[in-house]
Number of protein chains: 4
Amino acid sequence: MNRSIIEIVNEQINKQAGISNKQQSVLLSATELFSMKGFNNTSTKDIASLAQVSEGTVYKHFKTKDELLHAGLLPLYKSVVAPEIVKEFTNELSQCKDLESFVDTFVDNRIEFIHKNKNLLKIILGEVMFNDNIQTLMYNLLQEMVAPAIESLIQNLKNNNQIDPEIRNHNAFQALATNTISVMLPVLLSHNYDVSKLNSDISATKYLLLKMLK
Amino acid sequence: MNRSIIEIVNEQINKQAGISNKQQSVLLSATELFSMKGFNNTSTKDIASLAQVSEGTVYKHFKTKDELLHAGLLPLYKSVVAPEIVKEFTNELSQCKDLESFVDTFVDNRIEFIHKNKNLLKIILGEVMFNDNIQTLMYNLLQEMVAPAIESLIQNLKNNNQIDPEIRNHNAFQALATNTISVMLPVLLSHNYDVSKLNSDISATKYLLLKMLK
Amino acid sequence: MNRSIIEIVNEQINKQAGISNKQQSVLLSATELFSMKGFNNTSTKDIASLAQVSEGTVYKHFKTKDELLHAGLLPLYKSVVAPEIVKEFTNELSQCKDLESFVDTFVDNRIEFIHKNKNLLKIILGEVMFNDNIQTLMYNLLQEMVAPAIESLIQNLKNNNQIDPEIRNHNAFQALATNTISVMLPVLLSHNYDVSKLNSDISATKYLLLKMLK
Amino acid sequence: MNRSIIEIVNEQINKQAGISNKQQSVLLSATELFSMKGFNNTSTKDIASLAQVSEGTVYKHFKTKDELLHAGLLPLYKSVVAPEIVKEFTNELSQCKDLESFVDTFVDNRIEFIHKNKNLLKIILGEVMFNDNIQTLMYNLLQEMVAPAIESLIQNLKNNNQIDPEIRNHNAFQALATNTISVMLPVLLSHNYDVSKLNSDISATKYLLLKMLK
DNA sequence: CATGAATGAGGCTTCATTCAT
DNA sequence: AATGAATGAAGCCTCATTCAT
């Protein structure tokens with residue numbers, strides 16, 4: 001089963017050798033607050049007080065609040081969290097022999113992922129608009145880790161005549177990702193959404209993706 | 001041809017009767033700055049100085065900075081700008097008799113729209129994550145104005161056997177919108193994007209949408 | 001009689017048109033505190049509270065604490081205070097027909113000046129070491145306003161065979177200034193100095209200066 | 001030849017018995033940083049990192065940053081550095097039999113000294129204004145070590161009818177010191193000074209001092 | 001003895017908002 | 001209605017100093 005990013009971060013932060021309990025607490029609190037309220041709306045005092053730490057401690061390892069995001073959290077995601085996620089995701093997908101199960105698994109897995117990481121994804125989507133560092137990080141993560149793994153699975157399916165050979169792998173991947181995210185937007189954006197409508201939209205999305213790719 | 005949102009706002013603000021020149025200037029400056037730098041990063045001083053108005057004047061009609069957004073700008077968008085945009089968009093779409101030209105027009109028109117309103121769209125996407133008011137506004141705008149208009153056009157095509165009757169109108173609309181936006185993400189996010197790759201992705205997207213909906 | 005710099009500043013600040021009472025108060029308080037405790041040891045909170053003003057007010061007209069010094073106080077000195085001082089000083093000196101009375105007046109006048117402006121002079125001497133802006137200002141002030149005025153009076157005395165023609169005017173001026181300041185160092189540096197010893201050193205200094213210049 | 005103060009401190013610190021390598025390193029780094037940036041602008045972290053020592057170590061022997069200056073560095077200067085300097089200086093001066101060579105040597109030696117110790121002298125001049133401890137130290141150093149040595153040499157010259165007997169020794173010393181420093185001010189204050197002008201001012205200063213004292 | 005993480009007071013600065021003119 | 005000076009809370013960050021290891 002998918003673990004949430006926060007769980008993975010938590011786990012990994014605890015494994016880091018050169019990092020004290022207080023600093024772990026700082027990173028976790030920052031992750032939590034940034035994802036709940038956004039970067040701009042989270043003060044260093046908020047972080048310190050949630051981490052039960054002095055404000056000075058926040059600055060012990062990270063010279064600025066920006067660095068806490070860019071040098072503290074994001075590299076952790078890139079080096080530890082993202083590979084873990086990609087592995088979990090592709091493991092599941094690689095067992096799908098036909099397009100139907102592939103699409104089914106892709107959508108369901110990502111929907112669960114979005115569900116579990118709702119808050120963190122919100123902050124990433126929010127920051128990515130105006131923050132070049134995050135933008136670059138996310139882009140590289142996508143291009144270098146996620147896309148190759150998924151596109152190789154798509155190629156396998158294509159080799160088995162499961163996917164329209166006219167469609168380039170990266171466009172197929174983009175369509176899968178995009179339409180999955182779009183169906184989940186109500187979940188990301190609001191606290192109250194209609195579950196039965198969501199489920200019917202998920203089915204519709206799978207139907208559309210199948211028609212699209214077959 | 002598509003006019004940019006800023007052009008429309010400009011035009012409409014000038015027509016408003018009960019609003020003084022100074023206040024018009026405030027609204028225009030706020031629109032411009034919010035769309036360039038985001039709501040949080042725009043100070044009332046910035047707005048006042050771009051509007052060539054005193055800081056006090058900004059507060060004459062709008063008691064808070066939030067109100068400038070919620071009571072000043074957003075209703076303006078809702079009541080004036082959005083209908084204008086929807087009208088321009090549906091006018092063009094309504095002349096398409098078959099699915100091919102419909103998809104073609106839909107994608108091309110929205111791409112031009114995104115191009116022209118890049119800055120404003122970025123800020124909206126950024127704010128929508130954490131700002132309930134904007135979220136609600138955008139949601140209502142979509143549900144009450146845009147979706148009905150487009151979905152009625154989709155129904156027409158369905159009536160003419162151009163679209164798979166299995167697909168519900170709102171899912172068709174969502175697919176059109178989502179995949180168009182997704183192909184434009186590189187434009188929204190970066191200053192440098194590969195135009196030839198963009199064009200080939202646009203073609204691929206149209207191809208996928210046609211397969212999907214037909 | 002010599003007025004102190006603070007008196008002149010006070011007087012001139014009050015005459016400035018575009019400057020409010022609060023801002024006058026800020027400038028005066030800054031002058032006073034910088035001269036008492038040095039620039040580094042004066043906090044903006046100190047300035048605000050002495051001026052009976054909020055800390056924000058300190059930043060209304062001066063974007064940074066540095067600017068309060070460089071753009072606020074120093075130009076005031078340059079444009080208003082320094083000319084006033086030079087005028088008062090040269091007026092008195094220009095009435096001296098022989099070297100004896102010139103040296104006498106020079107030393108006595110400057111001693112009174114140093115006495116009255118002890119605090120301000122301390123801060124200037126302290127800052128001038130590490131602050132290029134102040135350094136440049138003081139240098140220009142000396143070269144462009146003070147030196148020409150005094151050296152022209154020295155030339156007059158030379159024309160009347162009162163001063164050794166071998167001595168260049170600027171060296172004569174430097175000697176007068178330097179030896180006067182040096183005799184006053186105990187006053188600048190300590191709160192307790194021996195008045196009778198000071199007076200005897202003043203006489204000695206005048207004697208030395210006369211031998212030197214004659 | 002004159003050694004710089006830093007060289008002497010370095011030498012002497014290495015000789016101290018009851019002081020560990022780490023502490024030596026702390027003292028040297030503090031000397032260097034205080035003289036380059038001033039006391040206020042040097043942080044204990046700066047000192048620790050230049051000394052390649054932990055911040056805690058800086059506080060092992062010196063309870064406060066102030067004490068590092070007052071109990072650590074200044075006594076070292078007083079007990080070791082100053083006597084060394086005075087010895088070197090008076091050795092050279094004591095070989096001068098007439099006033100001409102005395103003035104010549106005095107000025108040249110001190111000019112070299114100022115040149116070599118430019119940075120350290122700047123910080124001392126800067127601190128002496130507002131720091132009573134340094135002020136007292138420098139005053140005592142001057143009164144108890146330097147002045148007696150030099151004034152005794154002046155007395156010798158006076159005994160040989162080289163110096164005007166009307167001039168008290170301490171005034172002669174003050175005049176020599178003051179005028180030498182004053183001619184070197186451009187060197188202390190700016191990175192760019194006119195060497196040929198400096199040399200001509202040095203000659204002029206010697207000429208004036210001779211007239212003064214003879 | 002040495003380390004360096006942790007502290008928390010305090011510094012500079014910004015900014016939405018108010019109010020006398 | 002408009003102005004802009006004034007406010008003061010809050011934000012980010014620095015730094016001398018302490019203390020558990």
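Throughout, a chain's letter reflects where its sequence line sits, starting with A, and its residues are numbered from 1. Here the structure is a predicted model, which means the values were calculated and not measured.
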Phosphate OP1/OP2 of E/dC1 contacted by D/K60 side-chain N/O (<4.0 Å): no
Are the side chains of C/L69 and C/F62 in contact, using a 4.5 Å heavy-atom criterion? no
Rounding to the closest angstrom, what is the interatomic distance between E/dC1 and F/dT21 at atom C1'? 13 Å
Donor-acceptor contact below 3.5 Å, side chain D/K60 vs main chain D/Q23: no
Using OP1 and OP2 only, check whether a side-chain N or O of A/S54 sits under 4.0 Å from E/dG8. no
Please work out if B/S49 contacts a base, only the sugar-phosphate, or nothing of the nucleic acid, heavy-atom cut-off 4.0 Å. nothing
Spell out, as yes or no, whether a donor-acceptor pair under 3.5 Å connects the side chain of C/N41 to the backbone of C/K37. yes
Name the residue closer to the 5' end of DNA chain F, choosing between A/S43 and C/Q52 according to the nucleotide with the nearest heavy atom. C/Q52
Rounded at 0.5 Å granularity, tell me how far OG1 in B/T31 sits from CG in B/L50. 10.5 Å
Is there a side-chain contact between C/T44 and C/L68, using heavy atoms and a 4.5 Å cut-off? no
Verify the contact: side-chain N or O of C/K63 to OP1 or OP2 of E/dT14, cut-off strictly under 4.0 Å; return yes or no. no
Please answer whether the main-chain N or O of A/N21 pairs with a side-chain N or O of A/S25 as donor and acceptor at a distance below 3.5 Å. no
So does C/T44 get a side-chain nitrogen or oxygen closer than 4.0 Å to the phosphate oxygens (OP1/OP2) of E/dC12? yes
Axial cation check for B/F39 ring with B/K65, 6.0 Å and 45° limits: yes
Look up atom CG in A/L33 and atom OG1 in A/T42, then write down how far apart they are to the nearest 0.5 Å. 5.0 Å
Chain A vs DNA chain F, heavy-atom contacts under 4.0 Å, first-to-last nucleotide span, 5' to 3', is F/dG11 to F/dT14
Touch class at under 4.0 angstrom, heavy-atom based, for A/V58 against every strand present: nothing
Structure string for DNA chain E in dot-bracket form, Watson-Crick and G-U at under 3.5 Å, | interchain: .||||||||||||||||||||
Considering heavy-atom distances to DNA chain E, does B/D66 or A/E55 have its closest nucleotide positioned more toward the 5' end? A/E55
Given that C/K65 and B/Y59 both sit by DNA chain E, which one's nearest nucleotide is further toward the 5' end? C/K65
Within the supplied structure, the quantity of interest is the number of heavy atoms (other residues, nucleotides, ligands) at a distance under 6.0 Å from D/Q52 CD; does it exceed 12? no
Provide, to the nearest angstrom, the distance between the CG atom belonging to C/N41 and the P atom belonging to E/dC12. 10 Å
Expressed as a whole number of angstroms, how long is the span from B/L68:CG to E/dA16:P? 11 Å
